[in-house]
There are 2 protein chains.
Amino acid sequence: MATQASNPTGPHLAQMVGNAFVEQYYHILHTSPDLVYRFYQDSSVRSRPGPDGKMAFVKTMDDINVVILSMDYKECKAEIKTIDAQDSYKGGVVGQVTGWLIVKDNVKRMFTQSFFLAPQDKGYFVLNDIFFRYVDESLFVAEPSHIPEHP
Amino acid sequence: MATQASNPTGPHLAQMVGNAFVEQYYHILHTSPDLVYRFYQDSSVRSRPGPDGKMAFVKTMDDINVVILSMDYKECKAEIKTIDAQDSYKGGVVGQVTGWLIVKDNVKRMFTQSFFLAPQDKGYFVLNDIFFRYVDESLFVAEPSHIPEHP
């Protein structure tokens, strides 16, 4: 069934939508962060780790914009490693992104992001956006595992 | 706005649904993998890295069951690190899981999973399931970054 990965139908279209969204999102985030809020709507939910490390969420375009502008995204760069997307509920698209944030001194922090793109008159908007930045990398190992590498 | 993380409405309920799903999913995966396909429906899409490292997907409960049974999940254990969920499109729930798979010799492999739970008569079913296992951990650093730690 691995061959289905190259199936030109279904997931292929969702993958194109996911790739386009991620490329646009991170490009605008680092070049014009004041415009990023436009990817969202007032019904959107955006979760990020708070100062205490616990996940906190914001809703509405205004609040999302306030949070985005409070960060200095022009000073860091996202290096995208993987983008995977699937057709989802009632015309939506679910996607997962993994990559690294490159900040000062070329320090890299790994991250993963999950999103749901909801359909609207013209294209999609980000209804759900969950981002997690890894902080405990001490347990990572480079040795290949012997058995099940994914559930 | 970080205080919203403890808001008892909305996201709190979605978080409860997400937590319950993840706990049940991984418990059954490691104790009764032959029953895991029941979390899905024929409209579900399940993506995992193929033998070549590229993501491959399967659809339908039967094909998903075949893939699950082809793995030896009783020989590994998932250590869940984070579960974050949000209310999503038309009654659905979007979630993100991070953790480690512990296999033989206590080797740990980090993973991240994104899922969409679609509503059905009784509860939810897994409509979308995207799982990624990290293989390149050489770039991880433990040093705190100076600026934006999340987009």
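Convention: sequence-line order gives letters A, B, ...; per-chain numbering from 1.
The aromatic rings of F39(A) and Y25(A) sit tilted, their planes meeting at an angle between 30° and 60°.
With 3.5 Å as the limit, one finds no donor-acceptor pair spanning the side chains of Y26(B) and E79(B). With hydrogens and angles left out, the side-chain atoms of Q86(B) and N128(A) include a donor and acceptor closer than 3.5 Å.
For chain A, the nearby part of T82(B) is the side chain; its heavy atoms alone come within less than 4.5 Å. If you measure heavy-atom distances from T112(A) to chain B, the contacts under 4.5 Å come from both the backbone and the side chain. Heavy-atom distances place both the backbone and the side chain of Y89(A) under 4.5 Å from chain B.
Under the 4.5 Å side-chain heavy-atom criterion for ILVMFWY residues, a single connected hydrophobic cluster contains both L35(B) and Y124(B).
Panel note: side chain S114(A), backbone I130(A); no donor-acceptor pair is recorded below 3.5 Å.
Comparing G91(B), S43(B), S70(B), S47(B) by how many heavy-atom pairs each has under 4.5 Å with chain A, the most go to S47(B). Listed options A78(A), P119(A), S44(A) were ranked by heavy-atom pairs under 4.5 angstrom with chain B; first place goes to P119(A).
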